[in-house]
**Student:** 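Quick one: the structure is below, questions incoming.
These values consider heavy atoms only, across backbone and side chains, with no hydrogens, waters or symmetry-generated copies.
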Amino acid sequence: MITKGETYIIGEIGQNHNGSVDIAKLIVELVSRPVKEEMFNLELKPMNAVKMTKRDLNEELANSQMNQIYDSPNSFGKTYGEHRAYLELSNEEHFEVYKYAKERGLDFVETLCAIGCLSILKLFTPDYLKVASRDLTNLPLLQALAETKIPIILSTGMAGKKELDNALDVITKYHSNISILHCVSQYPTAPDNLNLRTITYLKKNYPQYTIGFSDHTVGIAAPVTAVGMGAEIIEKHVTIDRHMKGTDQKGSLGPDGVNRMIRDIRVAERWMGKEDMYIDKSVESSKIKLERSIATKRVIKQGEEIKLEDLHMLSPGDGFKWSQIAEVVGKTAKVDIPKNEVIYPTYLQ
């Protein structure tokens, strides 16, 4: 479940299973693999959850659209309806993937695209229900989902503030366990359209909810940046092979990309630290080695008075700082001090 201080990372399987439970399980196995950062030998937590999508084809598209010829290299049927039917896993098959995800230590998120899809809840209870961007205005569906009292994640890819507020009004009549993901429903999302500052807008204007980011950009930079801006949830499409047939495969992360994204997000969590300014213990040795101290420009003989013009700054940094110049100038040398050497308190009378 979502906890403070840790980014909740969701690997979206979507339709990248290509109608195969076995492929869906391979994706589950992929995102549950341990992740390691090599330089500092860090064992990092893998993804937190996988997400599947359930459609009811009787409540999906108008008949004219379902019967439309779907002539595409990514088509799994002659018509779009046949294509969608090929990709649709049964409730029982979703349950099988759910059980496998649980065996692998993952949470399970389910997008239910129609009221008829709620029949899946007779078999299992997902950890979260996801509302796809297109359904943020589907208020009857939102009410049916909210009535289950299962925590809800909303994606805002096709919504403005008005649509989001209307959705929240419906759901909060039943519960307030809600997360909101900034999202742009352009596949892939162009850099100028991403507007990650929506994350900080949502955090300021909806502080009672968990705020995250559902990413459709190419690569892994945007999710890591989003974490730095305060996103507590990251959702990203994942696949076992970006070259497989399917409309979402190329825009998804393959095995290497999944590993790198998780690694960079988990390391970024450690980067954030606390809101303070201090000298970390890890830099103490560097501070002594590299910082500068008051040092001699010439040989200063025992008994000589040290003058300002005799001094400059050299490393290491374990001597007097320039802010302590008054503790050096005007003092008498207790011993001979060579040229270009740091002056230490024991050298002075």
Side-chain angles (χ1 to χ4, degrees), residues 3-7 9 34-45 191 194-204 207 211-213 219-232 234 259-349:
T3 57
K4 289 290 182 183
E6 177 187 274
T7 310
I9 309 175
V35 179
K36 189 169 184 177
E37 193 281 333
E38 300 291 343
M39 178 64 72
F40 296 98
N41 197 31
L42 301 175
E43 299 289 341
L44 304 172
K45 186 172 181 178
L194 191 60
N195 201 56
L196 282 179
R197 285 196 174 94
T198 298
I199 294 169
T200 54
Y201 171 88
L202 290 170
K203 289 181 76 70
K204 288 176 183 176
I211 305 301
F213 173 53
I220 63 172
V224 180
T225 303
V227 170
M229 298 179 73
E232 298 173 73
I234 295 293
N259 184 79
R260 288 186 294 112
M261 185 188 75
I262 298 170
R263 178 200 64 196
D264 288 0
I265 287 174
R266 296 300 185 213
V267 171
E269 291 171 348
R270 294 170 180 240
W271 287 341
M272 302 309 291
K274 58 185 178 181
E275 196 170 352
D276 193 5
M277 187 172 180
Y278 56 94
I279 299 172
D280 191 81
K281 291 181 180 179
S282 65
V283 305
E284 287 177 356
S285 60
S286 296
K287 179 179 172 65
I288 292 171
K289 179 181 178 181
L290 300 174
E291 212 170 48
R292 300 180 193 275
S293 301
I294 295 173
T296 58
K297 282 186 178 179
R298 65 174 181 85
V299 175
I300 299 177
K301 295 291 186 178
Q302 181 182 1
E304 274 194 86
E305 182 182 321
I306 300 174
K307 297 180 174 58
L308 182 62
E309 55 266 30
D310 296 331
L311 307 174
H312 62 159
M313 300 289 285
L314 295 174
S315 296
D318 58 350
F320 291 103
K321 302 296 178 252
W322 198 260
S323 61
Q324 299 170 294
I325 192 69
E327 298 179 39
V328 180
V329 172
K331 302 296 182 182
T332 302
K334 189 176 182 179
V335 295
D336 289 346
I337 308 174
K339 180 182 178 180
N340 287 331
E341 287 296 339
V342 170
I343 298 173
Y344 294 103
T346 56
Y347 297 175
L348 305 177
Q349 288 183 345

**Student:** Would you please name every residue forming a side-chain hydrogen bond (donor to acceptor under 3.5 Å, both in side chains) with Asp336, sequence neighbours left out?
**Tutor:** none
**Student:** If I compare all heavy atoms of Leu314 with all of Ala295, which pair ends up nearest, and what's the gap?
**Tutor:** CD1-CB, 3.7 Å
**Student:** Return each pair, listed once, that meets salt bridge (Lys or Arg N to Asp or Glu O under 4.0 Å) where at least one residue sits in residues 337-349; pairs must be two or more places apart or across chains.
**Tutor:** none
**Student:** According to salt bridge (Lys or Arg N to Asp or Glu O under 4.0 Å), does anything in residues 268-284 pair up with another residue at least two apart or in another chain? List the pairs.
**Tutor:** Arg266-Glu269
**Student:** Looking at every non-hydrogen atom in both residues, tell me the closest pair between Ile199 and Gly212 and how far apart they are.
**Tutor:** CG1-O, 4.3 Å
**Student:** What pairs meet the salt bridge (Lys or Arg N to Asp or Glu O under 4.0 Å) rule with one or both residues in residues 293-316, with sequence neighbours excluded?
**Tutor:** Arg298-Glu304, Arg298-Asp310
**Student:** Checking Ala222 now: which residues fulfil side-chain contact (heavy atoms from CB on, under 4.5 Å) with it, not counting sequence neighbours?
**Tutor:** Leu194, Phe213, Asp215, Thr217
**Student:** Measuring from atom CD1 of Ile325 to atom CG of Leu311, what distance do you get when rounded to the nearest 0.5 angstrom?
**Tutor:** 5.0 Å
**Student:** Quick one: CD1 on Ile211 to CG on Leu202, what's the gap to the nearest 0.5 Å?
**Tutor:** 5.0 Å
**Student:** Looking only at heavy atoms, what is the nearest atom pair of Ile234 and Ala226, with distance?
**Tutor:** CD1-CB, 4.0 Å
**Student:** Just jot down the side-chain contact (heavy atoms from CB on, under 4.5 Å) partners of Glu38, sequence neighbours excluded, or say none.
**Tutor:** Lys36
**Student:** Just jot down the side-chain hydrogen bond (donor to acceptor under 3.5 Å, both in side chains) partners of Lys4, sequence neighbours excluded, or say none.
**Tutor:** Glu232
**Student:** Would you give the length of the straight line joining atom CD1 of Ile306 to atom OG1 of Thr296, rounded to the nearest 0.5 angstrom?
**Tutor:** 9.0 Å
**Student:** According to side-chain contact (heavy atoms from CB on, under 4.5 Å), who are the partners of Thr332, at least two apart in sequence or on a separate chain?
**Tutor:** Gln349
**Student:** Determine which pairs satisfy salt bridge (Lys or Arg N to Asp or Glu O under 4.0 Å) with at least one residue from residues 314-325, sequence neighbours left out, and list them in order.
**Tutor:** Glu291-Lys321
**Student:** Assess whether side chain to side chain contact (heavy atoms under 4.5 Å, CB included) is satisfied between Met229 and Leu196, documenting all intermediate values.
**Tutor:** CA-CA 8 Å; Met229 298 179 73; Leu196 282 179; 3.6 Å; yes
**Student:** Output every pair passing ring-ring contact (aromatic ring centres under 6.0 Å, His included) with a member in residues 327-349, not counting sequence neighbours, ordered by first then second residue.
**Tutor:** Tyr344-Tyr347
**Student:** Could you pull out the closest heavy-atom pair between Ser282 and Ser285, with the gap in Å?
**Tutor:** O-OG, 4.4 Å
**Student:** Can you name the salt bridge (Lys or Arg N to Asp or Glu O under 4.0 Å) partners of Lys45, sequence neighbours left out?
**Tutor:** Glu6
**Student:** Within the distance-only criterion (no hydrogens, no angle test), does the side chain of Glu37 pair as donor or acceptor with the backbone N or O of Phe40 below 3.5 angstrom?
**Tutor:** yes
**Student:** Please list all pairs meeting ring-ring contact (aromatic ring centres under 6.0 Å, His included) that have one or both residues in residues 271-330, counting only residues at least two apart or in different chains.
**Tutor:** none
**Student:** Side-chain contact test, heavy atoms from C-beta onward, threshold under 4.5 Å: evaluate it for Val299 versus Ile337 and give yes or no.
**Tutor:** no
**Student:** Would you call Pro223 and Met261 a side-chain contact if the rule is heavy atoms closer than 4.5 Å?
**Tutor:** yes
**Student:** What are the two closest heavy atoms between Val342 and Ser293, and how far apart are they?
**Tutor:** CG1-CB, 3.7 Å
**Student:** More than 12 non-hydrogen atoms from neighbouring residues, nucleotides or ligands closer than 6.0 Å to NZ on Lys203, yes or no?
**Tutor:** yes
